[in-house]
Every structure is written in C-alpha cells, then in structure tokens.
Amino acid sequence: MSDGTGTSGDLDGTGAVRAARRDQAVRAAVKQGLLGPDAPVVGLLDVAGIRESAAALRAAFDAVTAPGTPVLHAFAVKACPLVPVLRLLHEEGIGAEVASPGELALARAAGVPAERTVLDSPAKTPGELSEALALGIAVNADNPQELERIDALTAAGRSRSPLGLRVNPQVGGGSIEALSTATATSKFGVALRDEGARAWVVRAYLDRPWLTRLHTHTGSQGIPLTLMAEGVAQAYALAEEINERAGRRQVDTLDIGGGLPVNFASEETTPTYAEYARVLRDAVPGLFDGRYGLVTEFGRSLLAEHGTVVARVEYAKSAGGRPVAVTHAGVQVATRTVYAPGAWPLRIAAYDAEGLPKEGPEVVQDVAGPACFAGDLLAAGRALPLLEQGDYAAALDTGAYYFAHHYAYNSLARPAVYGFAGGGDGDVVLATVREAQTVEEIVAEAGGAYAGALTEAARRGGSGGL
C-alpha cells in the first residue's frame, strides 16, 4: 500500500504489523457504525502500539544504566491529554510530566501517583506551586523569581517534593524554531551562558541544600540527537560542578527532558529510544554510572505513530484540473499541519467506503478540510488512489498533538476518540476514549447560558460612553 507521499513506505517488521492493525481498526470502525455519514471524523489509538513504545523506552534506558539506578519515565501530558491514555501508560510503568493545573488534574484522574509526577511550566502561579508541594509532586523551578516563591513555601513547611531548577544550556536550535528550547533567547529556564548566570545557579544550590535535581530540555521535533545529547552534557557538567562545590552529592537526579523526533515520512520508527540512549551513553558516560537518578519526559515519540485521524470524504470535486477530496478533518484536528505544512507534513492513507485500503492508480489530488478558508488542507498535490465521495482519508501518525488538541474553528466539534485492540484472527475491540462533542456542549462552551449578558449590561449601563 502507498504511504501517501507518492513513494512506497519503508516497512520494517514493526511498521508492517502496525499498518495492518490500523487497517483492521478502520474497517472495524466503519462496520460498527462508529465512522460513517453521522460520525464523519474519528481518532483511533493503537493500544498494542502504545504498549510497545513504552516497553521500548524502558528497555533502552535499562540497557545503558547501572543496575539499581532510579529512572522515572514521565510522559509529557501535553502530547495527548486524555485520561485513558495516561492510565494505560501508568500501567505500563510510565509516569506523568504536567505543565498546568488541568494536566495535573488529568494525571490524578488517571491514577498517576504524586511520586511519579513532575511539574514543569514557565508560568506557575503561587497556587499551583502550593498544591504541588502539598501533594509531594516533583517541581522544577523555571527562574529565580519562581525559586523565591518556593523559598517562601518551603519555609512555611509545605514541601515534601523533590525540587530542582531548569537551565537552558543555550546549545542552539533545530529545524523547527518554535520547538527549539535551548536557543540563546529561549523563554525556558535559566540561560546558563548569560553573564553571571552559571555562578548564580551554583550559589542558588549551595544556599538551598534541598535543591536536589537539575532539569534541562533541548527541544523536540527537528532537533538532532547529537544536539539533544550536548544539552544533557551541559547539565551533567553543571551538576558535577555543584556537587564538587558542595562537597557532597547534593544534586542526585538529572531530569533530561524528552524530545525524541518522530519520523513522519514512513512506517519506519527512527530514531529509536535505543539509538538515543546509546548516543547519550557515548556523550555523557557519567550520567549512567549509578550516581544520578534519571527522569525523562518523552511525549510525541510515545504516541504519534499509534494514532490516526480518519475522515469521510463528503464531496469529491475538481478545481483547475486537480481533484479535491473535501473531508471532515482539517485545521480543527491538524492545526500545525494546516498552518505550517512544510514543517508538519502528514502521510495520508486512502480507504474505500467499506473501510478497506483503496487500490488503483495514484492521482495527484488535494485532501481538504471543512473549515472556511482556502488553506484548510491536510495535503496538497498528494499522489493517492483517487478519493471519491463516501471514501475515507486517514491522516497517519497523529496520536500526539492532533486530535487531542482541538482548534474550534467554525465551531467544529471535537471528534470521538477510540482505542483499538485485538485483530489478527480475532475481532477488533474498539473502546471509547472520548465521546464526540455535541452541539449542545458547543453552545454551552460559547456562553449559551449567558446569551443576554451583553444586552443586559448595555441596558443597565445606559447609552452613554466614557
């Protein structure tokens, strides 16, 4: 089957199995009526694939760390903020990295314990910090002002939490500027190479014996492994300096962030967690000798390949001689792809009206979304078997940062999300992860209960201006 880019997919064994499971799930969703004229767009999540990714992450770091080293893999909740996903990952040995009160609430609802939760954010309120410290959640302070807030809270006896500081190693950016968090002017953490900053960080630790962690994160998609490793190396060197100055092992845990890139070009999983762990071991061997506990914060790489957005072709038309398939998946589910297609291209797979992989000669065509602007395109000029009315277009590798991050353009509803398991010789089981948003919920969210608020304010305020 075509990978939707006009070239055949690079199918390793795992990729081929994953693609086969996806095909079975699309077919099952159509047969069971979860996808069709009255439910024209859904998200699908591969339970087996998520479990495989979690196992691969654990195994990769187990292979390079000294026996007995404490390692917490904390899923970056922002990548897929869905409670059933967090519960599944928790059961697979993965904790939660949260960056807002909402994400913390989701992790708690999923049953993730405080000791397996990490709070990172560049804009924590006093209330957020107080709650985290009361619960015993690990906190990485972002800046000197936040550290002063923590000083006050810990003085009040509110801390059972492991506490650390985030630093920006300023090692440079990758191919996607918006996701490069270790540039000279990144908003995250203490800029380590700014004048006086390194000395301030060392003094901050010496003055606070309870600061025992150090956190860094070099970026996400578009960052090469060598640059990620350089960022970790800088944090490791700083930890060594702090401990030498303190005369003891004050920093006992390094939080090295996440950011493993995802291959959106084919079914092949590359790079792998094992490759990254080996790069880290070669670049920072002391990181793995058992003296430091480790925390990771991977997100996209755990979920992306295991999610699919499937949308019905409502109309098939032609413009300027090019076929256009108008579907129900566009900017509301694939915001990054629509607004920055060069940085976030997606593979598209074609399915027929029965949910079976579509065969036939490839035709250059556009796959459009439902929103009312010309640029709402999932794919432009893409070679695929010709999509016709009633067929389905599937946007692949969308398990992270896609259907769980709804953009309410045109008040389009959030789609239902289903997890799938089974297949092979048995039936595919589809389980509800999130129900589709209703029109009534859209109205309520848009202030429906306060329809007369502005006219009442105008009446009470009179017609006069300031």
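Basis for what follows: all heavy atoms, side chains included, without hydrogens, waters or symmetry-related copies. Nothing fancy with the numbering, it's 1 onward along the sequence.
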Measure from the side-chain N and O atoms of D46 to the backbone N and O of A48, and report whether any donor-acceptor pair falls under 3.5 Å. yes
Neighbour count above 12 (heavy atom, 6.0 Å) for E244 CD: no
Around atom CD of E441, are there more than 12 heavy atoms from other residues, nucleotides or ligands closer than 6.0 Å? yes
NZ or CZ of R414 within 45° of F403 ring axis and under 6.0 Å: no
For residues A239 and L254, report the shortest heavy-atom separation together with the two atoms involved. CB-CD2, 4.0 Å
Determine whether Y292 and N243 satisfy the following criterion, side-chain hydrogen bond (donor to acceptor under 3.5 Å, both in side chains), listing intermediate values before the conclusion. CA-CA 11 Å; Y292 290 98; N243 288 345; 3.1 Å; yes
Around R248, counting heavy atoms of other residues, nucleotides and ligands shown, do more than 12 lie under 6.0 Å from its CZ? yes
Report the C-alpha separation of H406 and Q332 in whole Å, then their side-chain angles, then the decisive distance to 0.1 Å, and conclude whether the side-chain hydrogen bond (donor to acceptor under 3.5 Å, both in side chains) test is met. CA-CA 6 Å; H406 193 72; Q332 88 279 26; 5.9 Å; no
Please identify which of these residues, E91, H306, E92, meets the side chain to side chain donor-acceptor pair (under 3.5 Å) condition with R51. E92
Which atom pair, heavy atoms only, marks the closest approach of V98 to V77? CG1-CG2, 3.9 Å
Do you know which two heavy atoms are closest between A74 and E97, and how far apart they sit? CB-N, 3.8 Å
Does a side-chain heavy-atom distance below 4.5 Å link I137 with V118? no
Paired with V331, the side chain to side chain contact (heavy atoms under 4.5 Å, CB included) test is passed by just one of L412, D376, L377, namely D376
R21 and F420, any side-chain heavy atoms less than 4.5 Å apart: yes
Using a cut-off of 6.0 Å, state whether more than 12 heavy atoms not belonging to R108 lie near its atom CZ. no
How far apart are the C-alpha atoms of D151 and T154, what are their side-chain angles, what is the distance that settles it, and do they pass the side-chain hydrogen bond (donor to acceptor under 3.5 Å, both in side chains) test? CA-CA 5 Å; D151 283 340; T154 54; 4.9 Å; no
Does a sphere of radius 6.0 Å around CZ in R245 hold more than 12 heavy atoms from other residues, nucleotides or ligands, not counting ones at 6.0 Å or beyond? no
Looking at L211, L163, V190, which one forms a side chain to side chain contact (heavy atoms under 4.5 Å, CB included) with L147? L211
Is there a side-chain contact between R160 and L133, using heavy atoms and a 4.5 Å cut-off? no
Does the T65 side chain pair with the main chain of F61, one donor and one acceptor, at a distance under 3.5 Å? yes
For Y418 and T432, what are the C-alpha separation, side-chain angles and deciding distance, and is it a side-chain hydrogen bond (donor to acceptor under 3.5 Å, both in side chains)? CA-CA 5 Å; Y418 302 99; T432 301; 5.1 Å; no
With ring centroids as reference points, do H217 and F188 lie under 6.0 angstrom apart? no
Closest approach of I348 and L378, non-hydrogen atoms and distance? CD1-CB, 4.3 Å
